[in-house]
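First up is the structure itself, then whatever we jot down about it.
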Amino acid sequence: MADPKGFLTHGREVASSRPVEERKKDWNEVYVPGSLLPIISKQASRCMDCGIPFCHNGCPLGNLIPEWNDYAYREDWTGASERLHATNNFPEFTGRLCPAPCESACVLGINQPPVTIKNVEVSIIDKAWDNGTVKPQVPERLSGKTVAVIGSGPAGLAAAQQLTRAGHTVAVYERADRVGGLLRYGIPEFKMEKRHINRRIEQMRAEGTRFRTGIEIGRDLKATDLRKRYDAVVIAAGSTTARDLPVPGRELKGVYQAMEYLPLANKVQEGDYVAPPISAEGKHVVVIGGGDTGADCVGTAHRQGAASVTQLEIMPRPNDERHPVNQPWPTFPILYKVTSAHEEGGERIYSASTTHFEGDEDGNVQWLHLAEVEFVDGKLNRKPGTERKIPAQLVTLAMGFTGTDQQNGLVEQFGLELDERGNIARDAHFQTNVPGVFVAGDAGRGQSLIVWAIAEGRSAARGVDRYLTGVSDLPAPIRPTDRALAV
């Protein structure tokens with residue numbers, strides 16, 4: 001362990017953020033560069049000798065958190081990086097994007113602020129990159145087997161890297177023009193700069209993974225033809241069917257899905273556009289949906305110069321602190337969260353339901369009509385007399401996703417079976433009903449967290465390796481049926 005008295009002598013400190021007015025003028029990450037390193041050793045020392053580290057259960061990757069906390073406390077960055085990479089292919093992604101269920105399960109969190117696990121993690125990997133200790137791991141010999149991975153999000157990349165290192169020849173197919181999936185075009189630059197993706201892709205290329213961009217399986221290349229080319233296929237296409245809002249006025253110009261809006265802002269940062277085709281500049285913006293994607297829309301609208309930003313959530317405002325009965329430790333609680341985007345301004349309205357949109361004579365959205373809602377006998381009902389309208393010249397729908405894309409023909413062409421939730425069904429080894437075709441990530445689990453996606457990619461890779469060779473030494477941190485610690 002680290003300092004036996006660390007949790008008694010040091011309070012919780014987190015990464016420092018740049019001033020709001022400064023960071024709203026650019027798209028760089030919101031945190032002050034280098035602000036963590038001077039404090040991270042003390043923060044790592046807060047990790048207790050708790051006997052049973054529940055943080056292991058909070059994280060589906062099974063991260064060896066107490067071990068790399070100890071290395072970080074002693075400033076052994078090489079050792080810390082080795083323990084970090086033992087369970088996680090991309091800690092620089094999770095250290096920036098994961099909501100840290102490990103911290104919710106931290107034993108110290110029973111009666112004190114938990115260890116800053118996420119900040120320690122990102123400090124270790126950033127230091128490892130700076131020190132040049134993150135190197136390609138080229139396999140000693142090739143198996144002669146070929147694998148196609150459909151999708152280059154965290155699940156697809158994790159599966160591809162594991163299988164490449166096992167000696168298989170892997171090609172990743174991505175329908176977008178760049179590798180990264182939602183990491184590339186769904187996550188704004190201010191949340192994670194894309195240089196972090198780029199250098200991982202270069203590492204994977206050096207290891208032998210091949211990438212094929214601009215190819216959508218099902219449309220550009222038939223799934224059946226892909227199956228003939230490769231010994232095995234991993235479907236990691238994500239859960240990309242966005243939940244819609246079928247209310248009057250939905251057809252008005254200016255009402256978009258979040259994933260129609262966010263990628264264009266990222267493409268500006270990639271140099272594809274001078275200005276985004278859909279912009280919040282000078283407009284009253286309404287974001288429907290209170291989750292992380294909604295917060296990404298809020299932060300993007302601020303940087304584009306929106307006149308105002310309002311975020312609507314149909315559920316009641318969450319509690320500020322964990323409820324000891326309804327959300328007991330070590331479950332992952334639903335709490336009121338102020339992200340960096342919310343710090344930058346805007347209004348948040350809870351218990352609100354959109355009734356319809358109102359437009360001008362040219363068919364452009366101008367107003368959003370809403371009503372307050374409440375739970376009555378377990379049902380969500382509108383409260384009479386609470387109807388009102390707010391200005392809305394740009395509306396983004398960020399209400400989550402309902403399953404993998406079935407319009408491109410991939411599911412039908414493979415002949416895949418779906419489960420009761422509309423996800424691609426799989427067995428205990430992540431294999432679908434089609435022999436040699438596996439599924440990992442949100443396509444099989446449904447919309448989930450990045451740590452679950454990477455864990456699924458690693459576990460599916462073991463299933464593929466076992467299918468191809470009869471045996472596998474690759475780790476499988478989770479089963480398809482495993483779920484997060486929740487009430």
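This structure is a prediction, so every number in the text was calculated from the model and none was measured. In what follows, every heavy atom counts, from backbone to side chain, and hydrogens, waters and symmetry copies are set aside.
How far OG1 of T116 is from CD of E121: 11.0 Å, rounded to the nearest 0.5 Å. From I125, atom CD1 reaches atom CZ of F93 across 9.5 Å, with rounding to the nearest 0.5 Å. The distance from atom OH of Y273 to atom CG of N266, rounded to the nearest 0.5 Å, is 12.0 Å. Annotation: the span from H369 atom NE2 to R388 atom CZ amounts to 12.0 Å, rounded to 0.5 Å. How far CD1 of I124 is from CG of L36: 11.0 Å, rounded to the nearest 0.5 Å. Note that the CE atom of M204 and the CZ atom of R210 stand 13.0 Å from one another [nearest 0.5 Å].
Taking the side-chain contact (heavy atoms from CB on, under 4.5 Å) definition, one finds that N131 meets it with W77, K127, T133, sequence neighbours left out. The ring pair (Phe, Tyr, Trp, His ring centres under 6.0 Å) test applied to H56 returns no partner, not counting sequence neighbours. In this view, W367 satisfies the ring pair (Phe, Tyr, Trp, His ring centres under 6.0 Å) rule with no residue, not counting sequence neighbours. Judged as a ring pair (Phe, Tyr, Trp, His ring centres under 6.0 Å), and not counting sequence neighbours, F190 has no contacts. Legend: residues meeting ring pair (Phe, Tyr, Trp, His ring centres under 6.0 Å) with H323, ordered by chain and number and at least two apart, are absent. Partners of I314 under the side-chain contact (heavy atoms from CB on, under 4.5 Å) rule, at least two apart in sequence or in another chain, are S353, V373, L380. In this structure, the side-chain contact (heavy atoms from CB on, under 4.5 Å) partners of S104, at least two apart in sequence or on a different chain, are R322, F332, P333. With sequence neighbours left out, L182 forms a side-chain contact (heavy atoms from CB on, under 4.5 Å) with M259.
In summary, the side chains of N119 and R12 do not present any donor paired with an acceptor at a separation below 3.5 Å, with no hydrogens or angles considered. Inspection of the N89 and Q162 side chains reveals an N or O donor paired with an N or O acceptor under 3.5 Å.
Within the structure, salt bridge (charged side-chain N to carboxylate O under 4.0 Å, His left out) pairs that include any residue of residues 375-387 comprise E372-K383 (at least two apart or interchain). Identified under the salt bridge (charged side-chain N to carboxylate O under 4.0 Å, His left out) test for residues 27-45, with sequence neighbours left out: E29-R96. Pairs of residues two or more places apart, or lying in two chains, that qualify as side-chain hydrogen bond (donor to acceptor under 3.5 Å, both in side chains) and include a residue from residues 248-260 are D244-R250.
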Validation: residues 282-303 side-chain donor-acceptor distances under 3.5 Å, sequence neighbours left out:
{"from": "K283", "atom 1": "NZ", "to": "S279", "atom 2": "O", "distance (Å)": "3.2"}
{"from": "H284", "atom 1": "ND1", "to": "S308", "atom 2": "OG", "distance (Å)": "2.7"}
{"from": "D292", "atom 1": "OD1", "to": "K337", "atom 2": "NZ", "distance (Å)": "2.9"}
{"from": "D296", "atom 1": "OD1", "to": "K191", "atom 2": "NZ", "distance (Å)": "3.0"}
{"from": "T300", "atom 1": "OG1", "to": "D296", "atom 2": "O", "distance (Å)": "2.8"}
{"from": "H302", "atom 1": "NE2", "to": "G345", "atom 2": "O", "distance (Å)": "3.1"}
{"from": "R303", "atom 1": "NE", "to": "D26", "atom 2": "O", "distance (Å)": "3.2"}
{"from": "R303", "atom 1": "NH1", "to": "G299", "atom 2": "O", "distance (Å)": "3.0"}
{"from": "R303", "atom 1": "NH1", "to": "E344", "atom 2": "OE1", "distance (Å)": "2.8"}
{"from": "R303", "atom 1": "NH1", "to": "E344", "atom 2": "OE2", "distance (Å)": "3.4"}
{"from": "R303", "atom 1": "NH2", "to": "E344", "atom 2": "OE2", "distance (Å)": "2.8"}

Please step through salt bridge (Lys or Arg N to Asp or Glu O under 4.0 Å) for the pair E270 and R178, ending with a clear verdict. CA-CA 10 Å; E270 296 281 3; R178 292 182 178 89; 3.5 Å; yes

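A salt bridge links E202 with R205: at least one charged nitrogen is closer than 4.0 Å to a carboxylate oxygen.
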